[in-house]
Amino acid sequence: MAQPLPFEDGAAPERAESEPALLVDVDGFEGPLDLLLELARRQKVDLHRISILALAEQYLVFIEEARRMRLELAADYLVMAAWLAYLKSRLLLPEPPKGEEPSAEDLATALALRLRRLESIREAAKKLGEREWLGREVFARGAPEPVVVRKDSHYEASLYDLLSAYARQRQIRFNARVSLHKRTVWSLIEAREALERLVGHLNDWVTLDTYLVEYMVEPAMRPTVLASALSATLEMVREGKLTVRQDEAFAPVWVKPVTDPAEAGA
Amino acid sequence: MEETDDMVEEQVSSEIQVPDHGEAMRIAEALLFASAEPLGAEELAGRLPEGADVAKILEDLTAHYAGRGVNLVRVAGKWQFRTAGDLSFVLARNVTEQRRLSRAAMETLAIVAYHQPVTRAEIEEIRGVATSKGTLDTLMETGWIRLRGRRKAPGRPVTYGTTPHFLEHFGLDAIDDLPGLEELKGAGFIEGRVPSDFSVPVPSDDQALREDEDPLEGDDLLQPLDMHQSEAGEE
Amino acid sequence: MEETDDMVEEQVSSEIQVPDHGEAMRIAEALLFASAEPLGAEELAGRLPEGADVAKILEDLTAHYAGRGVNLVRVAGKWQFRTAGDLSFVLARNVTEQRRLSRAAMETLAIVAYHQPVTRAEIEEIRGVATSKGTLDTLMETGWIRLRGRRKAPGRPVTYGTTPHFLEHFGLDAIDDLPGLEELKGAGFIEGRVPSDFSVPVPSDDQALREDEDPLEGDDLLQPLDMHQSEAGEE
């Protein structure tokens with residue numbers, strides 16, 4: 001920021017190639033508006049009376065210089081340069097009678113206002129920064145004494161809560177016992193043993209269900225008995241000990257012991 | 001005294017070689033206020049204007065704050081601002097927290113209510129699950145259950161019962177107003193097939209110890225507090 | 001240092017059934033001294049004896065501490081004891097390397113403060129340069145700025161504003177106390193002829209959304225964190 005700019009008087013002095021590139025340093029600037037503001041300050045006149053035309057020229061010279069020295073410029077700077085070149089040409093030419101566009105004067109005023117606004121906010125930021133910051137210039141109590149919160153628990157419970165808790169608790173216990181009975185299953189092994197016992201008595205087709213009735217006194221046992229028995233039956237068919245048939249879907253399943261091994265799988 | 005020019009007064013007074021006592025007091029006051037730790041007289045001296053009379057400054061500050069809401073006090077040989085002792089109540093706030101009992105606590109309470117006098121082992125047997133000390137502590141805290149005595153049995157376990165406060169809270173006139181099995185079924189609390197051996201006791205919170213209870217001993221009454229401390233947060 | 005006996009006088013007045021002003025002052029003093037945060041007049045009133053004249057108490061305390069090393073100041077509409085500003089030179093040594101804001105961050109903060117509610121595009125228009133997300137994140141992190149809402153405009157950009165914490169940090173009672181605000185308004189930069197698609201007559205950190213703002217949605221509140229994570233270290 002403090003780098004000397006090469007156009008103190010609005011004109012770019014001739015520079016030898018050997019001059020340090022620092023003279024056209026854009027690193028210190030926060031964008032093209034900031035650069036314009038700095039150039040404006042160098043006019044050493046009130047921002048209200050700044051010559052936008054002169055400013056545009058200085059900016060363009062600066063950019064030209066930077067490009068001549070092959071400095072990488074951010075697109076922002078080039079866009080501003082293009083816009084200022086346009087503004088400059090508009091300012092130099094006589095205004096068209098009555099254009100749709102804002103006049104060149106309006107555009108220049110708008111730019112001047114933007115610069116003044118940036119300047120004001122800079123000033124405001126500076127003043128804000130110069131205030132006494134808490135923890136930098138002024139300090140709050142270093143050893144605050146926290147308010148001790150004494151928690152006084154007040155428990156809420158209704159009779160309904162109490163009774164349902166009691167009932168739930170007691171009921172879980174007797175339901176748990178009942179559910180143990182429910183879980184009784186007829187294992188595949190049991191089924192197989194029972195079937196093998198049955199098969200010994202058979203010599204003709206018989207429905208499986210008939211022979212399982214004995215095991216189905218409890219209705220809850222029905223599904224597990226049937227499933228295990230069927231599995232055991234199929235296993236015995238595979239082993240060639242039983243023949244099984246069913247006349248149609250959901251019809252009773254008939255079984256018959258295999259007496260002659262040739263019949264197996266029929 | 002080396003720093004800055006806002007110390008105009010100081011610089012003037014330094015001409016006559018006596019540091020401004022008032023200004024030194026202001027500085028000491030600010031340092032003591034902003035410090036997170038008590039400050040020793042030497043530490044203060046090191047940051048006060050050269051030649052300041054630290055002892056006098058501390059004496060004057062102590063006197064100045066003596067009757068106020070904040071006092072300058074000596075702690076462990078150092079100095080710190082503290083709230084005046086008689087105002088400690090303003091720094092305490094009582095917050096009454098509405099809390100609900102956990103499900104475990106509710107069930108334990110119900111079992112104590114129906115089965116009292118009951119021991120912890122008996123509660124566990126009914127619930128089929130271990131009861132944390134925290135649960136019983138919470139219930140003691142509610143003021144709804146109390147230690148009754150000790151069961152005349154191996155280990156002499158403590159027996160629990162409900163308090164009059166329990167009756168008040170649950171709007172019961174007497175403990176036997178708690179519904180029995182038929183009422184519980186009628187009100188839909190118990191549904192389904194009830195095993196024949198299932199029963200709901202008729203509760204009694206009679207103050208008198210039962211035949212199988214011994215009175216508590218002196219130490220027993222302290223026990224719950226100890227348990228609570230050691231098992232805080234268990235629940 | 002002139003005071004001391006004023007307490008005694010006050011206590012006399014308590015005889016005529018007016019709450020003891022001196023005692024109320026002591027309590028207010030203790031509360032304000034003890035608190036890590038500024039306290040509002042209502043908060044104080046709620047903890048002072050019934051009928052205490054909070055406004056008078058605060059006025060008297062402010063006057064009592066005016067010339068001392070510690071002052072009672074009004075920040076963000078609340079009250080806090082702080083060390084006197086002119087003593088910063090002795091206290092600065094306490095600072096554990098306060099992070100300085102970059103120039104870009106300070107300017108962005110100023111724009112948010114003076115032009116709020118303001119969108120990122122508007123900040124960029126004033127500065128004439130892109131604002132890195134990192135800058136806004138840093139400011140969000142300080143707790144001085146916050147997301148306010150979304151502008152009712154194409155793209156529904158997020159609007160930024162300052163927080164009460166901002167006022168506290170910079171020792172401002174209200175947003176109207178921003179330095180140089182009058183000059184800025186007088187120069188017509190905040191309102192008036194600025195050829196821009198936005199003009200803000202007076203900065204406002206009012207919690208209530210303006211007519212041209214919509215509330216934030218649930219996701220918006222997570223956004224800064226995401227931005228922060230993805231762009232950490234950009235600044």
Side-chain angles (χ1 to χ4, degrees), chain A residues 1 26 28-38 46-48 59 74-77 79-80 83 102-103 105-148, chain C residues 30-38 47 70-71 73 75 80-89 91-92 94-96 98 100-101 103-111 113-115 124-130 168-172 178-181 183-184 187-190 193-196:
Chain A
M1 194 71 165
V26 288
F29 294 101
E30 294 254 358
L33 216 53
D34 186 29
L35 171 55
L36 269 176
L37 191 58
E38 178 58 26
D46 186 340
L47 270 182
H48 289 85
Y59 185 93
D76 282 1
Y77 290 88
V79 170
M80 178 60 88
W83 192 82
S103 71
E105 276 309 317
D106 288 348
L107 293 175
T109 307
L111 179 61
L113 275 171
R114 279 192 76 186
L115 290 174
R116 277 163 58 195
R117 192 172 56 175
L118 180 62
E119 173 108 319
S120 333
I121 209 75
R122 286 262 158 91
E123 194 53 35
K126 195 162 150 269
K127 283 183 181 155
L128 200 57
E130 285 165 355
R131 285 189 69 83
E132 286 165 355
W133 290 27
L134 182 65
R136 197 179 73 186
E137 281 88 18
V138 295
F139 298 84
R141 176 81 183 269
E145 295 169 76
V147 172
V148 179
Chain C
L31 287 169
L32 287 161
F33 242 81
S35 174
E37 303 293 327
R47 297 170 67 183
V70 173
N71 304 147
V73 295
V75 284
Q80 188 174 35
F81 275 117
R82 292 181 171 188
T83 58
D86 65 315
L87 297 179
S88 64
F89 70 98
L91 293 159
N94 283 354
V95 185
T96 51
Q98 168 112 12
R100 289 208 151 264
L101 284 184
R103 182 177 136 178
M106 253 338 265
E107 274 180 27
T108 304
L109 175 64
I111 293 169
Y114 288 81
H115 290 262
E124 293 181 347
E125 204 219 304
I126 294 173
R127 297 191 62 230
V129 64
E168 283 170 32
H169 188 89
F170 291 94
L172 298 163
L178 280 170
L181 188 60
E183 293 98 298
L184 277 172
F189 293 124
I190 286 180
R193 301 171 297 121
V194 177
S196 133

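All values below were derived from every heavy atom in this structure, side-chain atoms included, with hydrogens, water molecules and symmetry-related copies excluded. Each chain gets a letter, A, B and so on, in the order its sequence line appears, and its residues count up from 1.
Proximity to chain A (any heavy atom under 4.5 Å) is shown, for C:Leu32, by neither the backbone nor the side chain. Contact annotation for C:Glu37: neither backbone nor side-chain heavy atoms come within less than 4.5 Å of a heavy atom of chain A. Both the backbone and the side chain of C:Phe170 come within less than 4.5 Å of a heavy atom of chain A.
Rounding to the nearest 0.5 Å places CD1 of A:Ile121 at 4.0 Å from NE2 of C:His115. A distance of 12.0 Å separates CG in C:Leu87 from CD in A:Glu137, rounded to the nearest 0.5 Å. Note: A:Leu33 CG to C:Glu124 CD = 12.5 Å, rounded to the nearest 0.5 Å.
Counting heavy-atom pairs closer than 4.5 Å to chain A, the top residue among C:Leu178, C:Leu172, C:Thr108 is C:Leu172. Ranked by heavy-atom pairs under 4.5 Å with chain C, the list A:Glu145, A:Glu130, A:Arg131, A:Glu123 is led by A:Arg131. Highest contact tally toward chain C, considering only A:Gly142, A:Pro32, A:Pro144, is held by A:Pro144 [criterion: heavy-atom pairs under 4.5 Å].
A distance-only check finds no donor-acceptor pair linking the side chain of C:Arg127 to the backbone of A:Asp34 [under 3.5 Å].
A pairwise comparison of heavy atoms in A:Val138 and C:Ala84 identifies CG1-C, 4.4 Å as the closest pair. For the pair A:Leu118 and C:Glu107, the tightest heavy-atom approach, listed with the atom from each and the gap, is CD1-OE1, 4.4 Å.
For the pair A:Lys126/C:Met106, no side-chain contact is recorded, criterion being any heavy-atom separation below 4.5 Å from C-beta on. Looking at C:His169 and A:Arg136, their side chains never come closer than 4.5 Å, going by heavy atoms from C-beta outward. For the pair C:Ser88/A:Glu132, no side-chain contact is recorded, criterion being any heavy-atom separation below 4.5 Å from C-beta on.
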